[in-house]
Amino acid sequence: MRVIVLILVVIIPLLALGDDLGMSPSIQEVKQQHEARFFNLPNVASVGIGLDPNGNQAIIVGLDKPNPETESKIPAIVDGYPVVVRIVGAIKAQ
């Protein structure tokens, strides 16, 4: 009987949390979730993962040329990860 009560006391609160166990999404998940939105902006040539100037993981949005209007629409942080805008030039397949 004690085992059943113990299981119920431990399991039920975890089930109530559902998928949100306080775990943050990975940077790969965040990139995948937001890259279509970035690619819909003018002059966005790439969306990747790299490091910000402080050495932290960041989402890197590459523009083929400077575009202040597009840059103003890109948030500085997405789901807790910094977003860095870089001018990368035109990207061509080889």
Side-chain angles (χ1 to χ4, degrees):
M1 183 70 173
R2 287 186 204 174
V3 173
I4 293 173
V5 171
L6 181 60
I7 290 172
L8 291 175
V9 169
V10 172
I11 300 292
I12 290 178
L14 290 176
L15 292 174
L17 291 174
D19 290 336
D20 184 17
L21 296 175
M23 296 175 61
S24 299
S26 72
I27 194 165
Q28 290 84 3
E29 292 169 325
V30 172
K31 175 193 163 277
Q32 184 178 19
Q33 199 171 47
H34 294 277
E35 67 186 341
R37 175 177 67 146
F38 293 139
F39 275 123
N40 283 329
L41 296 172
N43 302 106
V44 172
S46 64
V47 179
I49 296 171
L51 299 176
D52 70 4
N54 297 320
N56 299 311
Q57 281 190 323
I59 296 173
I60 309 299
V61 178
L63 302 183
D64 60 5
K65 63 182 180 181
N67 184 326
E69 185 177 336
T70 294
E71 292 178 51
S72 72
K73 293 179 181 177
I74 297 173
I77 296 176
V78 174
D79 293 339
Y81 293 100
V83 179
V84 176
V85 177
R86 294 188 180 147
I87 308 305
V88 297
I91 297 176
K92 297 177 185 177
Q94 293 186 8

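We're numbering straight along the sequence, starting at 1.
A58 approaches V84 most closely through the heavy-atom pair CB-CG2, 4.0 Å. Listed here is the closest heavy atom pair of A45 and G89: CB-O, 4.1 Å. Counting all heavy atoms, side chain and backbone alike, V44 lies closest to F38 at CG2-O, 3.1 Å.
Separation of atoms CG (L51) and CD1 (I60) is listed at 7.5 Å; rounding is to 0.5 Å. Distance check, rounded to the nearest 0.5 Å: CD of E69 to CD1 of I74 gives 11.5 Å. Once rounded to the nearest 0.5 Å, the distance linking CG of N40 with OG1 of T70 reads 11.0 Å. A distance of 13.0 Å separates CD in Q28 from CD in Q33, rounded to the nearest 0.5 Å. Summarising the geometry, atom CG belonging to L41 is positioned 6.5 Å from atom NZ belonging to K73; distances are rounded to the nearest 0.5 Å.
Between V83 and H34 the shortest side-chain heavy-atom distance does not fall below 4.5 Å. Between L63 and E71 the shortest side-chain heavy-atom distance falls below 4.5 Å. Counting heavy atoms from C-beta outward, V30 and Q57 have side chains that stay 4.5 Å or more apart.
Each of I49 and V88 belongs to its own hydrophobic cluster when Ile, Leu, Val, Met, Phe, Trp and Tyr are linked at side-chain heavy-atom distances under 4.5 angstrom.
D52 places a side-chain N or O within 3.5 Å of a backbone atom of N54 that can act as its donor or acceptor partner.
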